[in-house]
Amino acid sequence: MLTQNVSTRRTAGKTISRCQKAMPHMPIGQANIRPRSGPAPFSGVNFNATPSAAGRTCRNSGRVATRVAASAAPIEDFRKRDPKDVRVLVVGPTGYIGKFVVKELVKRGYNVVAFAREQAGIKGKMNKEDTIKEFPGAEIRFGSVLDLDSLRKEAFKDPVDVVVSCLASRTGGKKDSWLIDYTATKNTLDVAREAGSKHFVLLSAICVQKPLLEFQRAKLKFESDLQAAGDITYSIVRPTAFFKSIAGQIDIIKKGNPYVMFGDGTLAACKPISEADLASYIADCVTDEDKIDKVLPIGGPSRAYTAKQQAELLFQITGMPPKFFSVPVALMDGIIGIFDALTRLFPSLEDTAEFARIGKYYATESMLVWDEQRGVYVEEATPGYGKDTLEEFFTRAVKEGLKGQELGDQAVFGQQ
């Protein structure tokens, strides 16, 4: 690989009806933890806990050659410069969270470059003109994160100080997970290192703490590679649940139907964060020195809510009489077993089996910080950030609906 005015060096790279409505597809830091009052904190439930990924070291089987262009970035620390003089590249800008991140960075005055596909957004509905209109104040460049040359010639054609990756698998399927959560993100990191970028902010997911699913393994592998790079600093953001990912049953309740939940509705809890608050936190990671080289779990400012508590809040807001429909978790085990067996005969059903596993995971595992030693999820250990509460979001969604807040392909378990 040719370089200009530098020597080439090699660096080791270390890193799925109604029942569906009951399984929100949640995303897959330290901020101030706000004092609160109310019910006792969620203390966690054990479900065949697997060893935590925390502290696990994955070694990359290959080695990558990186080139550092002498003029890739100014000598001085970019954190000391005026925001307008700091170029921030966002990959995955048209996704659910990516849109908010780009707009937040623009609002803060950064020199923002959004690198998108020519047909982007949910199900590829956004063309180039739509994308350009979506992000006033940002420079839009088009290409593919799966193509190294496209990244080099378009995304990184000018020096980039900070990369923010909001890339995520569209569905959580096995192949798509490794293609996007790992390969595409790794491509971006490799070219960022070649180009001399100084900091990499990664949008990951808190559920990688207990990796039982393929997309979690892919995310963890990339996290490990990023931490091992050595020549670029990082901030790994692991959000809990997004507000809209737990809003799939609002219309059901408004129509007077029962809330569908698994078991007694207390198997798992989450401390959801709004898209705007999460985007703000990610933007903080660009320059905040206390977030350098950190893995940052983050939730919203509200307390943790179980599925039953979410339902009770919705019944209170809508004024509808509380009605519940319980689905046995064992039903998911049966579904998973059936699809696993069918996959041996029909390999194309592989992802369907994985979607069932994802559904069970979110029904039984909390989106809170996992305490490996105690074997529980701990609400108090899950940092809170922002100002948007779940009660405010539910109230607004009941009145105004969720139009314009679609999860698209990622809404395997909730609203489209």
Side-chain angles (χ1 to χ4, degrees), residues 15-16 20 23-28 53 58 90-101 115-117 119-126 143-147 151 163-190 200-226 236-242 244-245 248 275 278 282 336 339 343 347-362 365 367 406-416:
T15 82
I16 184 149
Q20 287 179 318
M23 298 182 290
H25 186 191
M26 302 178 191
I28 355 244
C58 300
V90 181
V91 290
T94 61
Y96 174 54
I97 297 300
K99 290 181 179 180
F100 290 89
V101 170
F115 187 61
R117 295 170 294 153
Q119 294 297 130
I122 298 172
K123 301 183 184 299
K125 293 180 179 179
M126 294 177 67
S144 172
V145 287
L146 294 172
D147 184 335
L151 281 164
V163 177
V164 177
S165 175
C166 296
L167 295 170
S169 166
R170 300 173 184 87
T171 65
K174 290 188 174 183
K175 292 180 180 179
D176 194 52
S177 293
W178 283 100
L179 186 65
I180 305 301
D181 291 309
Y182 182 72
T183 300
T185 319
K186 181 64 160 55
N187 285 349
T188 305
L189 173 63
D190 288 347
F200 197 104
V201 182
L202 174 68
L203 174 60
S204 186
I206 202 168
C207 61
V208 302
Q209 302 169 111
K210 295 179 66 176
L212 306 179
L213 306 168
E214 209 66 27
F215 82 87
Q216 297 165 340
R217 299 184 187 105
K219 287 180 179 293
L220 270 180
K221 179 64 169 66
F222 177 75
E223 284 191 11
S224 181
D225 284 3
L226 175 58
I236 297 173
V237 181
R238 292 179 174 179
T240 54
F242 305 150
K244 291 203 304 287
S245 67
E275 58 276 359
L278 178 56
I282 290 172
I336 292 169
F339 281 116
T343 297
S348 61
L349 292 176
E350 179 183 59
D351 278 352
T352 305
E354 184 70 1
F355 298 156
R357 279 187 285 271
I358 294 174
K360 179 184 177 182
Y361 189 99
Y362 287 120
E365 301 288 348
M367 299 298 109
E406 297 85 356
L407 286 170
D409 291 326
Q410 293 184 330
V412 181
F413 315 119
Q415 80 282 1
Q416 291 292 318

Engineer: Are any non-hydrogen side-chain atoms of Leu213 and Arg357 less than 4.5 angstrom apart?
Structural biologist: yes

Engineer: Rounded to the nearest 0.5 Å, what's the gap from CD on Gln209 to OG on Ser204? Could you check?
Structural biologist: 10.0 Å

Engineer: Are the side chains of Leu220 and Pro211 in touch, meaning some heavy atoms are under 4.5 Å apart?
Structural biologist: yes

Engineer: Glu214: which residues meet the side chain to side chain donor-acceptor pair (under 3.5 Å) condition with it, sequence neighbours left out?
Structural biologist: Trp178, Arg217

Engineer: Kindly say whether Cys207 contributes a backbone atom to a donor-acceptor pair with the side chain of Tyr361 at under 3.5 angstrom?
Structural biologist: yes

Engineer: Roughly how far apart are Glu354 CD and Ile336 CD1, rounded to 0.5 Å?
Structural biologist: 9.0 Å

Engineer: CG/Leu202 to OG1/Thr185 distance, rounded to the nearest 0.5 angstrom?
Structural biologist: 7.0 Å

Engineer: Measuring from atom CG of Leu146 to atom CG of Leu167, what distance do you get when rounded to the nearest 0.5 angstrom?
Structural biologist: 9.0 Å

Engineer: Are the side chain of Asp181 and the backbone N or O of Lys219 linked by a donor-acceptor pair below 3.5 Å?
Structural biologist: no

Engineer: Nearest heavy-atom pair of Ala116 and Pro93: which atoms, and what distance?
Structural biologist: CB-CG, 3.9 Å

Engineer: Would you please name every residue forming a side-chain contact (heavy atoms from CB on, under 4.5 Å) with Asn187, sequence neighbours left out?
Structural biologist: Leu148, Leu151, Thr183

Engineer: Within this structure, what is the NZ-OG distance for the pair Lys174 and Ser169, rounded to the nearest 0.5 Å?
Structural biologist: 13.0 Å

Engineer: How close do Glu275 and Ile97 get, counting heavy atoms only, and between which atoms?
Structural biologist: CB-CD1, 3.8 Å

Engineer: At what distance, to the nearest 0.5 angstrom, does OG1 of Thr188 lie from CG of Leu226?
Structural biologist: 11.5 Å

Engineer: Apply side-chain contact (heavy atoms from CB on, under 4.5 Å) to Phe339 and list each qualifying residue two or more places apart in sequence or on a separate chain.
Structural biologist: Ile335, Leu342, Thr352, Ala353

Engineer: Fit a plane to each ring of Tyr182 and Phe222, take the angle between them on a 0 to 90° scale, and name the class: parallel (under 30°), tilted (30 to 60°) or perpendicular (over 60°).
Structural biologist: perpendicular

Engineer: Are Phe100 and Ile282 close enough that some pair of their side-chain heavy atoms sits under 4.5 Å apart?
Structural biologist: no

Engineer: Could you pull out all residues at least two apart from Phe115 that satisfy ring-ring contact (aromatic ring centres under 6.0 Å, His included)?
Structural biologist: none

